[in-house]
Novice: 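Sending over a structure as structure tokens; questions will come in a sec.
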Amino acid sequence: STSGSHRRLRLRAHAMLPATAAMLLLRAIAPTASLRSPIAASHVGPRERLEPAACESVAAFAAAAAESARAAFNVTGLSVGVVCNHSVVYSGGFGFADKAANRKADADSLYQIASNTKLFTSTIALQLEQEKLLDLDAPVRHANPAFRFFDRAGNEGLTPRDLLSHRTGLPRHDRVTFRSKTRKELMEAMAWLPLDKPIRFQPGEYNNMMLAAAGVAEEAVTGLPWEQLVQTRILDSLNMTSTFPNLTSVPPAAADRMA
């Protein structure tokens with residue numbers, strides 16, 4: 001990975017995720033391919049089970065679609081996992097996890113999952129709300145008195161729900177986000193960044209640093225770092241033993257699996 005991606009990992013604590021812990025979105029993986037899902041026309045409810053033959057058919061389609069998409073989009077490498085009837089029915093890799101080292105991608109390759117970690121932050125926020133530790137509709141400053149926003153109305157009225165819903169009126173300012181080495185540094189910079197839309201403007205404006213601010217609010221009400229919250233509340237609970245909150249938590253034994 002590049003030095004820029006390392007900076008992003010320190011800032012946003014991106015998790016490392018193996019293919020076997022991911023869901024495959026068949027429609028998204030190869031939008032230009034001529035392949036058609038064998039069960040695309042049918043809907044399976046959450047309590048229904050597919051026949052084994054259908055699971056095998058989906059797995060075969062996924063493998064073909066993944067390789068087709070990798071070639072079509074000139075992707076160096078990717079890994080795919082297919083879960084059917086609550087079991088992993090296929091996992092595999094395509095291309096290279098590290099082309100320079102001639103290391104093939106496989107089912108255990110580790111990838112940075114970037115903005116998928118927003119789901120972790122949102123899940124923890126809902127857990128804390130259930131535990132009466134975080135009010136999603138109260139001002140963020142009730143949870144984190146250090147929260148500072150450029151706009152006075154936002155400074156006093158923005159809520160965790162606003163942060164999680166991308167409706168603060170603050171544009172992305174990604175250069176600031178990716179140049180900040182810590183969340184503390186990012187939060188200090190955020191107070192000086194101007195808005196380009198009113199707060200709660202619909203449909204909103206995607207913003208990475210607002211999710212970081214939500215994570216900081218979670219740290220404030222629990223007294224625990226975001227990485228520890230992810231580890232104990234999500235990864236440990238789901239027995240995701242091959243997923244790690246950031247690069248520094250990847251054990252040496254797993255380091256050679258990183259793509």
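We use all heavy atoms of the structure for the numbers below, so side chains are in, but hydrogens, waters and symmetry mates are not.
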Novice: Strictly distance-based, threshold 3.5 Å: is any side-chain N or O of Ser68 a donor or acceptor partner for the main-chain N or O of Ala64?
Specialist: no

Novice: Could you tell me whether Glu51 atom CD has more than 12 heavy atoms of other residues or ligands within 6.0 Å of it?
Specialist: no

Novice: Just wondering, do Met187 and Met190 contact through their side chains at under 4.5 Å, heavy atoms?
Specialist: yes

Novice: What are the two closest non-hydrogen atoms of Tyr90 and Ala59, and how far apart are they?
Specialist: CB-CB, 3.6 Å

Novice: Find out whether Leu170 and Glu205 are in side-chain contact, i.e. whether some heavy atom of one side chain is under 4.5 Å from a heavy atom of the other.
Specialist: no

Novice: Are any of the side-chain heavy atoms of Val82 and Phe61 separated by less than 4.5 Å?
Specialist: no

Novice: Under the side chain to side chain contact (heavy atoms under 4.5 Å, CB included) criterion, do Arg141 and Arg148 qualify, and how do the steps go?
Specialist: CA-CA 8 Å; Arg141 293 181 69 176; Arg148 295 293 183 271; 3.3 Å; yes

Novice: To the closest 0.5 Å, what do you measure between CG (Asp98) and NZ (Lys104)?
Specialist: 12.5 Å

Novice: Should Arg233 and Glu218 count as an ion pair when the cut-off is N to O under 4.0 Å?
Specialist: no

Novice: Looking only at atom types and distance, does a side-chain atom of Arg103 sit under 3.5 Å from a main-chain N or O of Asp256, one as donor and one as acceptor?
Specialist: yes

Novice: Are Leu247 and Met258 packed together at the side-chain level, in the sense that at least one heavy-atom pair is separated by less than 4.5 angstrom?
Specialist: yes

Novice: Given the rule that I, L, V, M, F, W and Y join up when any side-chain heavy atoms are under 4.5 Å apart, are Leu229 and Leu164 in one cluster?
Specialist: yes

Novice: What are the two closest heavy atoms between Val80 and Leu78, and how far apart are they?
Specialist: CG2-CD1, 3.5 Å

Novice: So, do Phe150 and Leu193 sit near enough that their side-chain heavy atoms are less than 4.5 Å apart?
Specialist: no

Novice: A side-chain contact here means heavy atoms from C-beta on lying under 4.5 Å apart; do Gln228 and Thr222 qualify?
Specialist: no

Novice: Determine the minimum heavy-atom distance between Phe244 and Pro251, stating which atoms define it.
Specialist: CE2-CD, 3.3 Å

Novice: So, Asn85 side chain and Leu50 main chain: donor-acceptor pair closer than 3.5 Å or not?
Specialist: yes

Novice: Minimum heavy-atom separation for Ile124 and Ile234, please, with both atom names.
Specialist: CG1-CD1, 4.0 Å

Novice: Do Ile199 and Asp162 come within less than 4.5 Å of each other through their side chains, counting heavy atoms only?
Specialist: no

Novice: Begin with the C-alpha distance, continue with both residues' side-chain angles, and end with the deciding distance and a verdict on side chain to side chain donor-acceptor pair (under 3.5 Å) for Asn246 and Thr248.
Specialist: CA-CA 6 Å; Asn246 57 19; Thr248 59; 3.0 Å; yes

Novice: Grab the two heavy atoms, one from Phe147 and one from Gly154, that are nearest each other, plus how far apart they are.
Specialist: CE2-O, 4.1 Å

Novice: Would you confirm whether Ser180, through its side chain, and Val176, through its main-chain N or O, come within 3.5 Å as a donor-acceptor pair?
Specialist: yes

Novice: The test is side chain to side chain contact (heavy atoms under 4.5 Å, CB included); show your working for Asn208 and Lys118 and say whether it passes.
Specialist: CA-CA 9 Å; Asn208 289 304; Lys118 290 180 171 63; 2.7 Å; yes

Novice: Transitively linked via ILVMFWY side-chain contacts under 4.5 Å: Val221 with Leu126?
Specialist: yes

Novice: Are Phe94 and Phe73 grouped together when hydrophobic residues (ILVMFWY) are joined by side-chain heavy atoms under 4.5 angstrom apart?
Specialist: yes

Novice: For the hydrophobic clusters of this structure (ILVMFWY residues joined by side-chain heavy atoms under 4.5 Å, transitively), does one cluster hold both Phe201 and Leu163?
Specialist: no

Novice: Return yes if some donor-acceptor pair links the side-chain N/O of Ser79 with the main-chain N/O of Asp106 below 3.5 Å, else return no.
Specialist: yes

Novice: I need the single residue from Pro245, Pro225, Ser237 that forms a side-chain contact (heavy atoms from CB on, under 4.5 Å) with Gln231. Which is it?
Specialist: Pro245

Novice: How long is the straight-line distance from CZ of Arg49 back to OG of Ser87, given to the nearest 0.5 Å?
Specialist: 7.0 Å

Novice: First locate atom CG of Asp135, then atom CG of Leu128, and finally report the distance between them rounded to the nearest 0.5 Å.
Specialist: 12.0 Å

Novice: What residue pairs, at least two apart or across chains, pass disulfide (SG to SG under 2.5 Å) with a residue in residues 49-104?
Specialist: Cys55-Cys84

Novice: Is the backbone of Phe120 close enough, under 3.5 Å, to the side chain of Thr117 for a donor and an acceptor to pair up by distance?
Specialist: no

Novice: Would you confirm whether Arg161, through its side chain, and Leu158, through its main-chain N or O, come within 3.5 Å as a donor-acceptor pair?
Specialist: no

Novice: How close do Trp226 and Glu219 get, heavy atom to heavy atom, and via which atoms?
Specialist: N-OE2, 2.8 Å

Novice: Is a side-chain donor or acceptor of Ser165 paired with a backbone partner of Arg167 at a separation under 3.5 angstrom?
Specialist: no

Novice: In Å and rounded to the nearest 0.5 Å, what is the NZ to CG distance from Lys181 to Leu186?
Specialist: 12.5 Å

Novice: Rounded to the nearest 0.5 Å, what's the gap from CG on Asn207 to CG on Asp174? Could you check?
Specialist: 7.5 Å

Novice: I want to check something: taking the side chain as every heavy atom from C-beta on, are His166 and Leu211 in contact at a cut-off of under 4.5 Å?
Specialist: yes

Novice: Which value, rounded to the nearest 0.5 Å, describes the distance between Leu238 atom CG and Thr243 atom OG1?
Specialist: 9.5 Å

Novice: When hydrophobic residues are tied together by side-chain contacts of less than 4.5 Å, even through go-betweens, does Met209 share a cluster with Trp192?
Specialist: no

